[in-house]
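Keep in mind that this is a model prediction, so the values were computed, not measured.
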Amino acid sequence: MSELTHIDEQGKVMMVDTSSKSITTRRAVASARVRMSPETIASLKAHRTPKGDPLEAARLAGIMAAKRTADLIPLCHPLSLTHVDVRATIEATGIHLEAEAATNAQTGVEMEALTAVSVAALTIYDMCKALEKGMTITDIRLESKTGGKSGDYQRSVD
């Protein structure tokens, strides 16, 4: 990583030219957590939340966000996504989110997966804030990625 790919000769930020890269199948998985109180978790399980179903709203918001990543992150390339899925699971300490994004392109989909889980987490916060304002969004991270010149990545168990 000795050469910075997003900086030109004058030190200005630039979008990377991917025109000479090969089109490959690329997939990325990211995750996040929304920590909340046992009372808020109980309300979710009982479907007693003021704004409707936060998990379904978060799933849809994450999918929509993945499709808009290039509009949100300045140097991301607009991608034609072939697949986006967001999963939300209620756990003992809150909600675990996982997003998967895929494409056939010249650049990866890590930012799309990360954007999807981030917006899904924010949506859960928004949908549940009437019950609890002290929720914490945490552990937003890339879990794995496949495809591209840099090869595959799999987060080691921690």
Worksheet item: Can you check whether Lys145 reaches Ser150 side chain to side chain, under 4.5 Å on heavy atoms?
Response: yes

Please set out all donor-acceptor pairs under 3.5 angstrom arising from side-chain atoms of residues 90-97, sequence neighbours excluded.
| from | atom 1 | to | atom 2 | distance (Å) |
| --- | --- | --- | --- | --- |
| Glu91 | OE1 | Arg33 | NH1 | 2.5 |
| Thr93 | OG1 | Arg35 | NH1 | 2.9 |

Discussion item. Please tell me whether Val84 and Val109 are part of a single hydrophobic cluster in this structure, the criterion being side-chain heavy atoms less than 4.5 Å apart.
Written reply: yes

Worksheet item: Do the side chains of Ile63 and Ile124 join up, straight or via other hydrophobic residues, at under 4.5 Å, putting them in one cluster?
Response: no

Fill in: Glu143 side chain reached by Tyr153 side chain, heavy atoms, under 4.5 Å
no

Fill in: Residue among Glu100, Glu112, Glu110 satisfying salt bridge (Lys or Arg N to Asp or Glu O under 4.0 Å) with Arg27
Glu100

Worksheet item: Shortest non-hydrogen contact from Ala105 to Arg26?
Response: O-NE, 2.9 Å

Worksheet entry | Flag side-chain contact, heavy atom, 4.5 Å: Val119 against Arg68 | no

Worksheet entry | ILVMFWY cluster, Met135 and Ile41 together (side-chain gap under 4.5 Å) | yes

Worksheet entry | Atom pair NZ/CG of Lys129 and Leu131 - distance to nearest 0.5 Å | 11.5 Å

Which donor-acceptor pairs under 3.5 Å do the side chains of residues 50-60 make with protein atoms, sequence neighbours left out?
| from | atom 1 | to | atom 2 | distance (Å) |
| --- | --- | --- | --- | --- |
| Lys51 | NZ | Asp126 | O | 3.4 |
| Lys51 | NZ | Asp126 | OD1 | 3.2 |
| Lys51 | NZ | Asp126 | OD2 | 3.4 |
| Asp53 | OD1 | Leu55 | N | 3.0 |
| Asp53 | OD1 | Glu56 | N | 3.4 |
| Glu56 | OE1 | Arg59 | NE | 3.1 |
| Glu56 | OE2 | Arg59 | NH2 | 3.0 |

Worksheet item: Is there side-chain contact between Val16 and Leu75, with at least one heavy-atom pair below 4.5 Å?
Response: no

